[in-house]
There are 4 protein chains.
Amino acid sequence: MECMNRFSIDVRVYWEDTDAQGVVYYANYFRFMERARSEWLRARGVSQTALLSEQGLMFAVVDTALKFFLPARFDDVLDISAQLAELRGARFRFDQEIRRGGPGGELLCQGHCQAACLDATTYRPRRLPQGLLGDNA
Amino acid sequence: MECMNRFSIDVRVYWEDTDAQGVVYYANYFRFMERARSEWLRARGVSQTALLSEQGLMFAVVDTALKFFLPARFDDVLDISAQLAELRGARFRFDQEIRRGGPGGELLCQGHCQAACLDATTYRPRRLPQGLLGDNA
Amino acid sequence: MECMNRFSIDVRVYWEDTDAQGVVYYANYFRFMERARSEWLRARGVSQTALLSEQGLMFAVVDTALKFFLPARFDDVLDISAQLAELRGARFRFDQEIRRGGPGGELLCQGHCQAACLDATTYRPRRLPQGLLGDNA
Amino acid sequence: MECMNRFSIDVRVYWEDTDAQGVVYYANYFRFMERARSEWLRARGVSQTALLSEQGLMFAVVDTALKFFLPARFDDVLDISAQLAELRGARFRFDQEIRRGGPGGELLCQGHCQAACLDATTYRPRRLPQGLLGDNA
């Protein structure tokens, strides 16, 4: 079931996230999405710091997109989801949603992010270490 | 000719734009893209401040996407383009590129941004004032 | 006792917070400090949103300073404190510390922030509503 | 004369710099100040990139402070100054001002930033290479 794979984090909106239009500045949703992906990795036991220092691997965003339906505002608590949708060789793709108030709240934004695993020295794609993202991945 | 419509600005990369992977943080390219769109409007004689105070109109991003080919680094000078690709009713779409060094430099990122003109009070779409984006738009 | 007044929040360091020197970018500590002050207000039952909409009041930073002893890095969990040090008329001052790992962790930064309560229309100083910051304030 | 040493850059305020109070978010003035310091170095012929790769040296902020007199707003052009006020061993201090419109414009903020030259491997202070900041420094 979809809900079994759903992973999300809470993000509080602070002044730093908003702009003079009174809402969250559009680029800042991408910051929130990255926090969710980093926490998704941490929940799977993946330390990006150790991955870099011990295996010389890092992740880079290859493409991302986001549709905006409703704005978030100062003081809102947002639910930022990250769901692994595809995993092939060095690349993996997350589908991501931003909802106000919690997992069942109003849908504010919907998008995706495709990332690649790179050799941190050569910046060339490297297949993800087996089992890194879990069996269900 | 394509170059007739091409509009771009120079953006210098500072420490604030980079992250601990040594390159520009992915969300920050969206900040650069917005600077280019704001300058495109200014070059057409559109003051977003006046548009809001005098006509009660503002722009909101509806969707955006970006593909990342090569990373930018501290001290780079980037060429950020904004080309009006479509204009229908309340919506308009920019195609945007990020190149290192100038208009003919290496292509780092490529994407688009669709925005809508909104009534600043009701947040409902409002047709763009006629002639606002020029005859060629 | 000092510890009775100590208030702090946890902040996780993400890629967005770091720069190409491999550490947290200096201006971002000020973002963290503001999160702690906003949460301090919330813990006292003060909603900045309601204060603005119901009483037409807002807070503005008047001066701030920070000394940097040790850098924070990606993945660190930081303890950001906010302690009300002075309250006079429209102005109040927080002493703030940033420590790695928790309240007893290594001291990374130490500083203060003085803020003023303003009328949101005239931007003139306004005495804080009585009791707003609690009896101990 | 003071003006002989005065160095400043222009910074345009974009949406990314503002917050929902309608003005520039306080931490972002520190980003602007750093841009001015980086350009001050560039104007003296100092490449931070080369300094790191060729001499293993980098700069770190040791302490900074800022007083806020008037807010900047979207679309403002700000004049951000950086004046070398002191240079001793590994440390140097800039006095910095932010004015609206140009060098003679309204004073919005005033502060300073003290930085240290560090060995990029050991993070220990290292005396600045002789002549790096020029004779007048």
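These values consider heavy atoms only, across backbone and side chains, with no hydrogens, waters or symmetry-generated copies. Residue numbers begin at 1 in each chain, while the letters A, B, ... track the order of the sequences. Fair warning: this is a prediction, and the values are worked out from it, not measured in the lab.
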What pair of heavy atoms forms the shortest contact from A:Pro71 to A:Val23, and how long is it? CB-CG1, 3.5 Å
Give me the atom names and distance for the closest heavy-atom approach of A:Leu132 to A:Val46. O-CG2, 3.4 Å
Parallel, tilted or perpendicular: which fits the ring planes of B:Phe30 and B:Phe68, with parallel below 30° and perpendicular above 60°? perpendicular
For B:Ala120, the side-chain contact (heavy atoms from CB on, under 4.5 Å) test, sequence neighbours excluded, returns B:Leu52, B:Met58
Quick check: do B:Phe59 and B:Leu118 have side-chain heavy atoms less than 4.5 Å from each other? no
Tell me which donor-acceptor pairs, judged by distance alone and kept under 3.5 Å, run between chain B and chain A, one pair per line.
unit_1: B:Gln21; atom_1: NE2; unit_2: A:Phe59; atom_2: O; d: 3.0
unit_1: B:Tyr26; atom_1: OH; unit_2: A:Phe30; atom_2: O; d: 2.6
unit_1: B:Tyr26; atom_1: OH; unit_2: A:Arg37; atom_2: NH1; d: 3.4
unit_1: B:Tyr26; atom_1: OH; unit_2: A:Arg37; atom_2: NH2; d: 3.2
unit_1: B:Phe30; atom_1: O; unit_2: A:Tyr26; atom_2: OH; d: 2.5
unit_1: B:Arg37; atom_1: NH1; unit_2: A:Tyr26; atom_2: OH; d: 3.4
unit_1: B:Arg37; atom_1: NH2; unit_2: A:Tyr26; atom_2: OH; d: 3.2
unit_1: B:Phe59; atom_1: O; unit_2: A:Gln21; atom_2: NE2; d: 3.0
unit_1: B:Val62; atom_1: O; unit_2: A:Phe68; atom_2: N; d: 2.8
unit_1: B:Thr64; atom_1: N; unit_2: A:Leu66; atom_2: O; d: 3.0
unit_1: B:Thr64; atom_1: O; unit_2: A:Leu66; atom_2: N; d: 2.9
unit_1: B:Leu66; atom_1: N; unit_2: A:Thr64; atom_2: O; d: 2.9
unit_1: B:Leu66; atom_1: O; unit_2: A:Thr64; atom_2: N; d: 3.0
unit_1: B:Phe68; atom_1: N; unit_2: A:Val62; atom_2: O; d: 2.8

dist B:Leu57:CG -> B:Leu51:CG (nearest 0.5 Å) comes out at 5.0 Å
Checking heavy atoms, do the side chain of B:Phe32, its backbone, both or neither come under 4.5 Å from chain A? neither
